[in-house]
Number of protein chains: 2
Amino acid sequence: MKTLRPKPAALRSYLQRVPLFSQCTDEDLETLTSAAMLLQYERGEHGFLAGDKACRLDALVSGGAQIYRTLPDGTAKTLHLFSPPALLAEAAVFMGFPYPANCLFTEESLTLSFPRAQLISMVERDPQLAWRLIGQLYGKLHEFTDMIASHGHRNAVTRVASYLLGVVRAAPQGDGPAARVVLPAPKKDIANYLGIRPESLSRTFAQLEKAGAIRVDGQAIHILQASLLENILLDSDPEES
Amino acid sequence: MKTLRPKPAALRSYLQRVPLFSQCTDEDLETLTSAAMLLQYERGEHGFLAGDKACRLDALVSGGAQIYRTLPDGTAKTLHLFSPPALLAEAAVFMGFPYPANCLFTEESLTLSFPRAQLISMVERDPQLAWRLIGQLYGKLHEFTDMIASHGHRNAVTRVASYLLGVVRAAPQGDGPAARVVLPAPKKDIANYLGIRPESLSRTFAQLEKAGAIRVDGQAIHILQASLLENILLDSDPEES
DNA sequence: CGCGAAGTTGAAAGTTTTCAACGAGGGTGG
DNA sequence: CCACCCTCGTTGAAAACTTTCAACTTCGCG
């Protein structure tokens with residue numbers, strides 16, 4: 001982890017990409033800019049560990065991160081995959097609780113880091129900001145809801161199809177003939193996130209590729225026929241060619 | 001669904017059991033009491049459906065409820081099982097979004113129902129209340145986190161053990177020699193919540209019973225040896241007798 | 001008393017995991 | 001600049017697990 005010293009203007013431009021602060025008053029932005037730090041993390045480095053005191057809020061502005069938890073039997077379960085812009089563990093930070101899980105950067109990343117005390121006082125002064133925070137939490141709750149629902153899918157093919165469709169929907173690219181999805185983490189982490197083994201994910205990709213629904217090119221997945229994926233969700237027996 | 005007309009004093013006593021409002025000022029409690037409705041639902045009745053406009057907040061004060069979503073293939077997935085006291089879909093209500101899932105009462109239940117507009121203005125007047133709301137959302141986020149993590153458990157036995165331990169921990173009863181857990185819904189719904197078939201849950205209970213870890217008595221589960229369950233979580237090979 | 005929903009149990013079928021081996025890619029050090 | 005190593009990803013075959021299908025029992029309720 002390295003602390004960068006960017007020009008205030010650059011810092012300000014990063015700041016405006018963070019959804020929570022995008023509509024702040026100039027005064028608040030000024031305060032934030034003066035106290036925020038721009039941090040650089042290597043791939044494989046940890047942002048925080050479960051149990052750490054949450055005294056700073058990190059906003060991911062570039063790169064990628066994952067939140068994972070270590071289960072009693074020693075294995076790890078990925079709870080969340082983040083692409084920028086995203087807030088990391090904002091709920092724990094605002095509540096002043098220790099982090100409930102670990103944060104690992106899956107690529108070289110940049111984060112904006114804000115001291116908790118300052119955020120608290122800003123929220124207390126500005127009801128608008130409180131509502132936006134509640135909105136953030138709602139959004140995350142909704143994501144988790146979707147994730148749990150998708151774990152209900154019977155087999156691996158369905159879960160993967162559901163995941164791919166979810167990502168293309170969230171991506172800003174045209175979903176026309178051949179949308180492209182770049183996986184936000186190595187495939188083994190995607191597999192863990194989806195609740196299957198890396199081998200199963202590999203086989204599932206191969207199967208979808210053979211069916212003509214996608215084309216796999218390293219971490220990039222080309223969606224050739226979204227309709228095929230959608231059919232898999234509708235009926236788990238899409239009579240593959 | 002039937003609207004009851006309780007005495008204000010009774011209504012007030014229900015109100016104080018709702019965590020979000022337990023520390024409200026007398027004035028706020030007065031306002032809430034005058035606008036709140038006490039509703040009675042039958043087992044099998046719906047509180048709301050996905051897509052409905054969330055214009056009231058329901059607090060479960062007795063009985064039981066489940067939140068479930070219908071997947072594209074027509075099957076249902078239970079996302080949450082509620083025992084009183086609990087708030088139902090508070091995030092959607094405060095954000096003014098339509099409900100993202102369905103609410104079904106698993107037993108005859110009583111809820112306190114508050115009009116959204118009133119809650120919003122109360123939160124805006126009272127920063128303390130806003131923080132408690134954020135705390136509520138944090139709590140729910142945390143629950144979902146645990147749930148997703150528990151879906152990471154390899155086999156059904158481990159998931160069930162994890163679930164049982166989670167419930168005893170949340171229950172106020174002594175966890176001494178033989179704690180007792182009453183399932184908050186029929187076993188088929190518990191199974192769905194855990195992401196397994198009812199048959200598998202039945203077999204798993206039988207297995208745990210044979211191992212001497214629990215005793216199943218209808219919807220009541222006696223935890224005979226919590227340590228056995230904990231061992232299952234630590235190592236998925238607890239050399240069963 | 002009898003019906004229907006819920007739960008249990010058995011055996012076969014289907015899926016995923018596990019174990020193992022191999023190939024490709026990136027980074028490091030000689 | 002190349003060899004080496006380690007991680008990641010892929011593929012195969014066997015093992016383990018869950019689901020499915022079906023029959024039967026239990027329980028609650030009219």
Side-chain angles (χ1 to χ4, degrees), chain A residues 42-45 64 66 71 73-78 104 106-108 151-161 182-210 214-221 232 235-238 240, chain B residues 42-44 64 66 73 75-78 104 106-108 151-161 182-210 214-221 232 235-240:
Chain A
E42 303 295 323
R43 175 193 161 118
E45 210 173 343
Q66 76 169 282
L71 302 179
D73 67 353
T75 61
K77 167 71 184 173
T78 297
L104 175 71
T106 55
E107 308 171 27
E108 177 176 312
H151 271 292
H153 289 305
R154 11 192 54 51
N155 51 33
V157 186
T158 319
R159 275 212 287 278
V160 172
V182 177
L183 301 179
K187 288 200 186 110
K188 72 177 170 63
D189 295 322
I190 304 282
N192 189 324
Y193 176 74
L194 293 175
I196 58 182
R197 304 283 129 177
E199 295 95 329
S200 293
L201 180 62
S202 178
R203 281 185 248 268
T204 302
F205 274 151
Q207 189 179 333
L208 290 174
E209 202 163 16
K210 203 173 64 185
I214 64 174
R215 191 163 63 77
V216 180
D217 178 25
Q219 287 210 165
I221 313 290
I232 290 173
D235 184 314
S236 63
D237 177 19
E240 34 214 318
Chain B
E42 302 294 322
R43 174 191 160 119
Q66 74 167 287
D73 67 353
T75 61
K77 168 71 185 172
T78 298
L104 175 71
T106 56
E107 307 172 27
E108 177 178 311
H151 270 295
H153 289 304
R154 10 193 53 55
N155 53 31
V157 185
T158 319
R159 275 212 287 278
V160 172
V182 177
L183 300 179
K187 290 200 185 113
K188 73 178 167 63
D189 295 320
I190 304 284
N192 189 325
Y193 175 74
L194 293 175
I196 58 181
R197 303 284 131 178
E199 295 95 328
S200 292
L201 180 61
S202 179
R203 281 186 248 268
T204 302
F205 274 151
Q207 189 179 334
L208 290 174
E209 203 163 15
K210 202 173 66 184
I214 64 174
R215 190 163 62 78
V216 181
D217 178 25
Q219 286 209 165
I221 313 290
I232 290 174
D235 183 316
S236 63
D237 177 20
E239 47 185 289
E240 34 213 318

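The structure presented is a predicted model; accordingly, all values stated were derived computationally and were not measured. Numbered from 1 within each chain, the chains take letters A, B, ... in sequence-line order.
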A:Pro186 near the nucleic acid: base, sugar-phosphate alone, or nothing, with a heavy-atom cut-off under 4.0 Å?
->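 The residue A:Pro186 makes sugar-phosphate contact but no base contact.
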
If the sugar-phosphate is the primed atoms plus P, OP1 and OP2 and the base is the rest, what is the B/S/- string for nucleotides 15-30 of chain D, using protein heavy atoms under 4.0 Å?
-> --SSBBB---------

Nearest-Å distance, [atom1] ([X]) to [atom2] ([N])?
X: A:Lys210; N: D:dT10; atom1: NZ; atom2: C1'; answer: 15 Å
X: B:Asn192; N: C:dA6; atom1: CG; atom2: P; answer: 13 Å
X: A:Lys187; N: C:dG25; atom1: NZ; atom2: C1'; answer: 12 Å
X: A:Asp217; N: D:dT10; atom1: CG; atom2: C1'; answer: 15 Å
X: B:Gln219; N: C:dA6; atom1: CD; atom2: P; answer: 11 Å
X: B:Ile190; N: C:dT8; atom1: CD1; atom2: P; answer: 12 Å
X: A:His153; N: C:dT15; atom1: NE2; atom2: P; answer: 17 Å

Looking at CD of A:Glu45 and CD of A:Glu108, how far apart are the two atoms once the value is rounded to the nearest 0.5 Å?
->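 Between A:Glu45 CD and A:Glu108 CD, I get 10.0 Å after rounding to 0.5 Å.
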
Would you find a donor on one side and an acceptor on the other, under 3.5 Å apart, between the side chain of A:Lys187 and the backbone of A:Gly218?
->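 Indeed, once roles are kept as given, a pair shorter than 3.5 Å links the two residues.
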
Please examine the side chains of [Y] and [X], heavy atoms only from C-beta on, and report whether any two atoms are closer than 4.5 Å.
X: B:Arg154; Y: A:Arg197; result: yes
X: A:Asn192; Y: A:Pro198; result: no
X: B:Asp73; Y: A:Thr158; result: no
X: A:Tyr193; Y: A:Gln66; result: no

